[in-house]
Trainee: 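Submitted below is the structure of interest, expressed as structure tokens.
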Amino acid sequence: MVDITQIMRFDDLASKDSPIHNLEGRVKLIFTLLIILVCVMSKELFIPLTLEIILLIILKIAKLSYWDSAKRLLMLLPFGGAIIIFQPFIQPGNIIWSYSWINVTDGGLNWAILLLVRMIVCLTAIIIYSSTTPLQEMASSFRKLKMPRDLAMILSIMVRFLFLFVDELAAIRKSQKSRNFTIHGKNTPYKWRVKQVGYTIGMMFLKAYEQGERVHKSMVSRGFSDTSEMFNEKKSPEKSDYLFIITIIIIVIILEIILFKYGGQLGYFGQNLSIN
């Protein structure tokens, strides 16, 4: 059953006190995007692996649990992992293993390893950002970085009413459970159980539509129109924010210099693994 306390726990986790939590929202967003951009553009393992070590240090500074972060990472990996699994079999290169019509190439295996490391680094950066930034601050950061007004409005409203939506779903599921209904039950036909789940989804769509109409009428009654601008809290980055982002940029530049000058001495970690 969907439990609202689980989602509230993530927002409470993002509201803790630590040097990373206290960074300005835009700084954390820029940091996350910078890590993802550098990682995706890297063709060697050296930079992504080094960035992952830095991210693990930041996890420690943010007082986040390695175990909880690893579980969240494992939950997200299958979404891109399904694509990575097939790379050794479909990419060109020298065949290093073969069985019947199945061939594994060195180029495909190297490319799969690079993609996996990239994905782990990007997901770790996103986990740090989501674990140290409350939902409302995320929406505010996107607005301050000039996200299109309509998208920013949708994002802000979604964040504000997300907990209400999940709470409604939890109430419906609790009502179903009180009547001994469970999707995994064996005492009722499977088709009937699927139909009840469909009714639940349809009910949530109706409730979301009705809630949206009420919210819109409430906003219009308070002067909202197509030309209305959203309120942005005036909060300037502090010295610690500038120091943090400058430090990350300097580290990235140093890593690029090391790779450029000593790439040949790094062995496999300095080898170009991308598929041209």
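The figures that follow rest on heavy atoms only: side chains count, while hydrogens, waters and symmetry mates do not. Keep in mind that this is a model prediction, so the values were computed, not measured.
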Trainee: Report yes or no: does Lys28 contribute a side-chain atom to a donor-acceptor pair with the main-chain N or O of His21 at less than 3.5 Å?
Mentor: yes
Trainee: Please give me the minimum heavy-atom distance between Arg72 and Ser130, naming the atom from each residue.
Mentor: NH2-OG, 3.0 Å
Trainee: Are Ile249 and Leu55 connected, step by step, through hydrophobic side chains (Ile, Leu, Val, Met, Phe, Trp, Tyr) whose heavy atoms are closer than 4.5 Å?
Mentor: yes
Trainee: Would a single hydrophobic cluster contain both Ile85 and Leu76, if residues Ile, Leu, Val, Met, Phe, Trp and Tyr are joined by side-chain heavy-atom contacts under 4.5 Å?
Mentor: no
Trainee: Do Glu210 and Arg214 come close enough that some side-chain heavy atom pair is under 4.5 Å?
Mentor: yes
Trainee: For the side chain of Asp106 and the backbone of Asn94, is there at least one donor-acceptor N/O pair under 3.5 Å apart?
Mentor: yes
Trainee: Tell me, with the steps shown, if Ile113 and Tyr268 meet side-chain contact (heavy atoms from CB on, under 4.5 Å).
Mentor: CA-CA 11 Å; Ile113 293 173; Tyr268 184 73; 3.5 Å; yes
Trainee: If hydrophobic residues (ILVMFWY) are linked whenever their side-chain heavy atoms come closer than 4.5 Å, directly or via other members, who joins Met41 in its cluster?
Mentor: Leu37
Trainee: With ring pair (Phe, Tyr, Trp, His ring centres under 6.0 Å) as the rule and sequence neighbours excluded, what pairs involving residues 86-117 come up?
Mentor: none
Trainee: Considering non-hydrogen atoms only, spot the tightest contact between Tyr129 and Gly25 and give its length.
Mentor: CE1-O, 4.2 Å
Trainee: Take atom CD1 of Ile83 as the centre, draw a 6.0 Å sphere, and report whether it contains more than 12 heavy atoms from other residues, nucleotides or ligands.
Mentor: no
Trainee: Looking only at non-hydrogen atoms, find the nearest pair between Ser178 and Ser175 and report the distance.
Mentor: OG-O, 2.6 Å
Trainee: How about Leu255 and Leu259: do any of their side-chain heavy atoms sit closer than 4.5 Å?
Mentor: no
Trainee: Which pair of heavy atoms, one from Cys39 and one from Val121, lies closest together, and at what distance?
Mentor: SG-CB, 3.7 Å
Trainee: Provide the closest heavy-atom pair for Ile35 versus Ala125 in the form atom of the first, atom of the second, distance.
Mentor: CG2-CB, 3.9 Å
Trainee: With ILVMFWY side chains joined below 4.5 Å, transitively, what does Ile36's cluster contain besides itself?
Mentor: Val40, Ile126
Trainee: Could you check if a side-chain atom of Tyr199 sits within less than 4.5 angstrom of a side-chain atom of Lys195, using non-hydrogen atoms only?
Mentor: yes
Trainee: Decide yes or no for Leu64 and Ile20: does some side-chain heavy atom of the first lie under 4.5 Å from some side-chain heavy atom of the second?
Mentor: no
Trainee: Should we count OH of Tyr66 as having more than 12 external heavy atoms under 6.0 Å?
Mentor: yes
Trainee: Side-chain heavy atoms nearer than 4.5 Å, only ILVMFWY residues, links allowed to pass through others: does that put Ile250 and Ile30 together?
Mentor: yes
Trainee: Rounded at 0.5 Å granularity, tell me how far CG in Leu77 sits from CD1 in Ile84.
Mentor: 7.5 Å
Trainee: Show every ring pair (Phe, Tyr, Trp, His ring centres under 6.0 Å) that has at least one partner inside residues 26-64, sequence neighbours left out.
Mentor: Phe31-Phe244
Trainee: Rounded to the nearest 0.5 Å, how far apart are CD1 of Ile127 and CG of Leu59?
Mentor: 8.0 Å
Trainee: Residues two or more places apart in sequence or in another chain: which of them pass salt bridge (charged side-chain N to carboxylate O under 4.0 Å, His left out) with Lys60?
Mentor: none
Trainee: Any side-chain heavy-atom pair from Leu115 and Arg118 closer than 4.5 angstrom?
Mentor: yes
Trainee: Do Lys43 and Leu273 come close enough that some side-chain heavy atom pair is under 4.5 Å?
Mentor: no
Trainee: Look up atom CD in Glu24 and atom OG1 in Thr133, then write down how far apart they are to the nearest 0.5 Å.
Mentor: 10.0 Å
Trainee: From Glu52 CD over to Ile54 CD1, what is the distance, rounded to the nearest 0.5 angstrom?
Mentor: 10.0 Å
Trainee: Group every Ile, Leu, Val, Met, Phe, Trp and Tyr by side-chain heavy-atom contacts under 4.5 Å, then state whether Leu243 and Ile248 land in the same group.
Mentor: no
Trainee: Quick one: do Leu266 and Glu44 satisfy side-chain contact (heavy atoms from CB on, under 4.5 Å)? Show the steps, please.
Mentor: CA-CA 10 Å; Leu266 296 174; Glu44 300 81 10; over 6 Å; no
Trainee: Compare all side-chain heavy atoms of Asp68 with those of Lys71 and state whether any distance is below 4.5 angstrom.
Mentor: yes
Trainee: Who pairs with Lys239 by salt bridge (charged side-chain N to carboxylate O under 4.0 Å, His left out), at least two apart in sequence or on another chain?
Mentor: none
Trainee: Hey, what do you get for CG (Leu51) to CG (Leu56), rounding to the nearest 0.5 Å?
Mentor: 11.0 Å
Trainee: Which of these passes side chain to side chain contact (heavy atoms under 4.5 Å, CB included) with Leu23: Thr132, Asp241, Leu29?
Mentor: Asp241
Trainee: What are the two closest heavy atoms between Ser274 and Leu114, and how far apart are they?
Mentor: N-CD2, 4.1 Å
Trainee: Answer yes if Trp67 and Ile57 sit in the same cluster of Ile, Leu, Val, Met, Phe, Trp and Tyr residues linked by side chain heavy atoms under 4.5 Å apart, and no otherwise.
Mentor: no
Trainee: Is there a side-chain contact between Ile128 and Thr32, using heavy atoms and a 4.5 Å cut-off?
Mentor: no
Trainee: Going from CG on Leu109 to CD on Gln91, what distance comes out if it is rounded to the nearest 0.5 angstrom?
Mentor: 11.5 Å
